[in-house]
Amino acid sequence: MAGPRHPVSVSGAALVQTDRLQTFAFSVCWSDDSDTFARRSWEEFRRLHKTLKETFPVEAGLLRRSDRILPKLTDASLLVHWGHTGRGLARLQLLETYSRALLAAGERVTHSPVLTGFFAPQPMDLEPVLPAGSLVILPAPQEPLPGPTGSPAIRSQEAQSLHCLQPFSTQDTWGQPFHARAQEALDVLLRHPSGWWLVANEDQQMAWFPAPYLEELALGQGRDGEWSLGSSGYQFCASHAYESSQADELSVTTGARVRVLETSDCGWWLCRFRGRTGLLPAAILQPDGLGTLLSGPWLHLRVDGGEDREGEAQSSPKSPQATTLPPTVPARPSRSAIQSCCCTITRKALEQYPGCHGPP
């Protein structure tokens, strides 16, 4: 019989800022093939490091320095570029390196309740939306892109490429026409809580674009004529563990991220988890707040806690005809609102492009 699960890999996903509070988001893969998101503060990592040294004095090198296998927790310099945000991104990279070194420290450490409990989903990780005013800042790719030496850059990652649901026309950041075709791939450069995101097309033309028009996959026809949520489904997380009692049900752990393939009013949803498809009680499933921003698709959930009921993933679509209606376009925020919510590194990057300070 397999023992309790333990983390097998940890990857830094994003820096999350609320006012002056910073937390670091990590994608955690577990020995049971499930994966979760964890948000932890710098102070929480410091307490973990202290507890590990107290729990494993030999591995920490307290008895003999040559026996040390626990990594050191190194902080980022106060002189890092771009101030508070720049230091936060530097810390995210250092914490990822530290976490990976911990997982290479041997089973005695990696299987311990101290480390397993630290990365296990906490109430904050299971919140369906992020706190109001949150900024989610993605780390830049490791390889630098062409640009002026010493200047910040707004960069995209392959995982941020989304499809346009329906044709939409607006203006780019220079005031020129920007036309997006149905199913055209757009790279998301900046996600703003207002619902207007900075995107770029294949010609590197940048524009502020309404997020409800962006999806990972278009809606599709489900079995038995029911309108489903697409072959890949929307991403949800389990707020509680569930053990299957029937052959057509799934078992999930707390915080597990699942794909909802079909919804139903009967209280059971068809989901996919760890390569298996089966039923889960809808009562334990909730939108994956952080996972939605980092992995897509857009679930029409705003960071201010409101919900866009049009196209909401939890509701059952009424008919195929409903999908032909254009998605709701959010109200355009003012330029000052955009600038007030941008971090320092983003504001400096936007200064390189006079027209991209916000939607016109």
Original post:
Would you say the side-chain atoms of Thr116 pair up with the backbone N or O of Pro113, donor to acceptor, closer than 3.5 Å?
Top reply: no
**OP:** Only counting residues at least two apart or in another chain, list the ones meeting ring pair (Phe, Tyr, Trp, His ring centres under 6.0 Å) with Phe209.
**Re:** Phe168
Subject >> Pairwise distance CD(Gln183) to NE2(His163) - rounded to 0.5 angstrom >> reply: 6.5 Å
Subject >> Geometric cation-pi criterion, Arg40 with Phe118: 6.0 Å, 45° >> reply: yes
Original post:
Roughly how far apart are Leu198 CG and Thr173 OG1, rounded to 0.5 Å?
Top reply: 7.0 Å
**OP:** Please round to the nearest 0.5 Å and tell me the distance separating atom OG1 of Thr74 and atom CD of Gln93.
**Re:** 12.0 Å
Original post:
Glu44 and Gln122: side-chain contact (heavy atoms from CB on, under 4.5 Å), yes or no, with the steps?
Top reply: CA-CA 12 Å; Glu44 287 176 307; Gln122 305 296 326; over 6 Å; no
**OP:** Indicate yes or no: at least one non-hydrogen side-chain atom of Leu95 is less than 4.5 angstrom from one of Phe26.
**Re:** yes
**OP:** For the residue pair Phe37 and Ser27, establish whether any side-chain heavy-atom pair is separated by less than 4.5 Å.
**Re:** yes
**OP:** Run the numbers on Phe24 and Leu15 for side-chain contact (heavy atoms from CB on, under 4.5 Å), then give the verdict.
**Re:** CA-CA 5 Å; Phe24 306 91; Leu15 169 66; 3.7 Å; yes
Original post:
Out of curiosity, Leu186 CG to Glu202 CD, how far, rounded to the nearest 0.5 Å?
Top reply: 9.5 Å
**OP:** Please answer: with hydrophobic residues joined when any side-chain heavy atoms are less than 4.5 Å apart, are Ile137 and Trp42 in the same cluster?
**Re:** yes
Original post:
Thr36: what forms a side chain to side chain donor-acceptor pair (under 3.5 Å) with it, not counting sequence neighbours?
Top reply: Trp30
Original post:
Has the side chain of Thr254 got a donor or acceptor atom that lies under 3.5 Å from a matching backbone atom of Ala241?
Top reply: yes
Original post:
Hey, does Cys29 have a side-chain heavy atom less than 4.5 Å from the side chain of Asp35?
Top reply: yes
Using distance only, find each side-chain donor-acceptor pair of residues 56-72 under 3.5 Å and give its atom names and separation, not counting sequence neighbours.
unit_1: Glu59; atom_1: OE2; unit_2: Arg108; atom_2: NE; d: 2.7
unit_1: Arg64; atom_1: NE; unit_2: Asp67; atom_2: OD2; d: 3.1
unit_1: Arg64; atom_1: NH2; unit_2: Asp67; atom_2: OD1; d: 3.3
unit_1: Arg64; atom_1: NH2; unit_2: Asp67; atom_2: OD2; d: 3.2
unit_1: Arg68; atom_1: NE; unit_2: Leu70; atom_2: O; d: 2.9
unit_1: Arg68; atom_1: NH1; unit_2: Ala60; atom_2: O; d: 3.3

Subject >> With Arg46 via salt bridge (charged side-chain N to carboxylate O under 4.0 Å, His left out) - residues at least two apart >> reply: Glu43
Subject >> Leu103 versus Pro7, closest heavy-atom pair with distance >> reply: CD2-O, 3.7 Å
Original post:
How many angstroms lie between atom CG of Asp125 and atom OG of Ser239, to the nearest 0.5 angstrom?
Top reply: 13.0 Å
**OP:** Mark yes or no for whether Trp268, through its side chain, and Ala282, through its backbone, hold a donor-acceptor pair below 3.5 Å.
**Re:** no
**OP:** Would you check if there is a donor-acceptor pair between the side chains of Arg100 and Ser11 at a distance under 3.5 Å?
**Re:** yes
Original post:
Out of curiosity, Leu261 CG to Thr263 OG1, how far, rounded to the nearest 0.5 Å?
Top reply: 10.5 Å
**OP:** Please report the shortest heavy-atom distance between Ser34 and Asp32, naming the atom on each side.
**Re:** OG-OD1, 2.6 Å
Original post:
Would you say Phe236 and Ile284 make side-chain contact, with heavy atoms under 4.5 Å?
Top reply: no
Subject >> Test item: side-chain donor near acceptor, Asn201 and Gln205, under 3.5 Å >> reply: yes
**OP:** Could you tell me which non-hydrogen atom of His49 sits nearest to which non-hydrogen atom of Tyr98, and how far apart they are?
**Re:** ND1-OH, 2.9 Å
Original post:
Mind checking what makes side chain to side chain donor-acceptor pair (under 3.5 Å) contact with His240, not counting sequence neighbours?
Top reply: none
Subject >> Joint hydrophobic cluster, Leu73 plus Val114, side-chain heavy atoms closer than 4.5 Å >> reply: yes
**OP:** Take Ser77 and Arg87 through the side-chain hydrogen bond (donor to acceptor under 3.5 Å, both in side chains) test and state the conclusion after the steps.
**Re:** CA-CA 7 Å; Ser77 170; Arg87 192 183 188 207; over 6 Å; no
**OP:** Look only at the side chain of Asp172 and the backbone of Met206, and say whether a donor-acceptor pair between them is shorter than 3.5 Å.
**Re:** no
**OP:** Identify, with sequence neighbours excluded, every residue that meets ring pair (Phe, Tyr, Trp, His ring centres under 6.0 Å) alongside Phe273.
**Re:** none
**OP:** Start with the C-alpha distance between Leu285 and Cys271, add both sets of side-chain angles, then the distance that settles side-chain contact (heavy atoms from CB on, under 4.5 Å), and finish with yes or no.
**Re:** CA-CA 10 Å; Leu285 299 176; Cys271 304; 3.8 Å; yes
Original post:
What's the verdict on side-chain contact (heavy atoms from CB on, under 4.5 Å) for Val10 and Leu102, showing C-alpha distance, side-chain angles and the deciding distance?
Top reply: CA-CA 10 Å; Val10 176; Leu102 284 178; over 6 Å; no
**OP:** Return the minimal non-hydrogen interatomic distance between Ala38 and Val28, and the atom names on each side.
**Re:** CB-CG2, 4.2 Å
**OP:** Check whether any side-chain heavy atom of Leu279 lies under 4.5 Å from a side-chain heavy atom of Leu270, and answer yes or no.
**Re:** yes
**OP:** Measure across Leu162 and Val188 and return the closest heavy-atom pair with its distance rounded to 0.1 Å.
**Re:** CD1-CG2, 3.9 Å
Original post:
Is the side chain of Ser169 donor-acceptor paired with the backbone N or O of His179 at a distance under 3.5 Å, no angle test?
Top reply: no
Original post:
Is there a side-chain contact between Leu280 and Trp269, using heavy atoms and a 4.5 Å cut-off?
Top reply: no
Original post:
Between Ala207 and Thr170, what is the shortest heavy-atom contact and its length?
Top reply: CB-CG2, 4.4 Å
Original post:
Is any NZ, NE, NH1 or NH2 atom of the basic residue among Arg5 and Asp33 found under 4.0 Å from an Asp or Glu carboxylate oxygen of the other?
Top reply: no
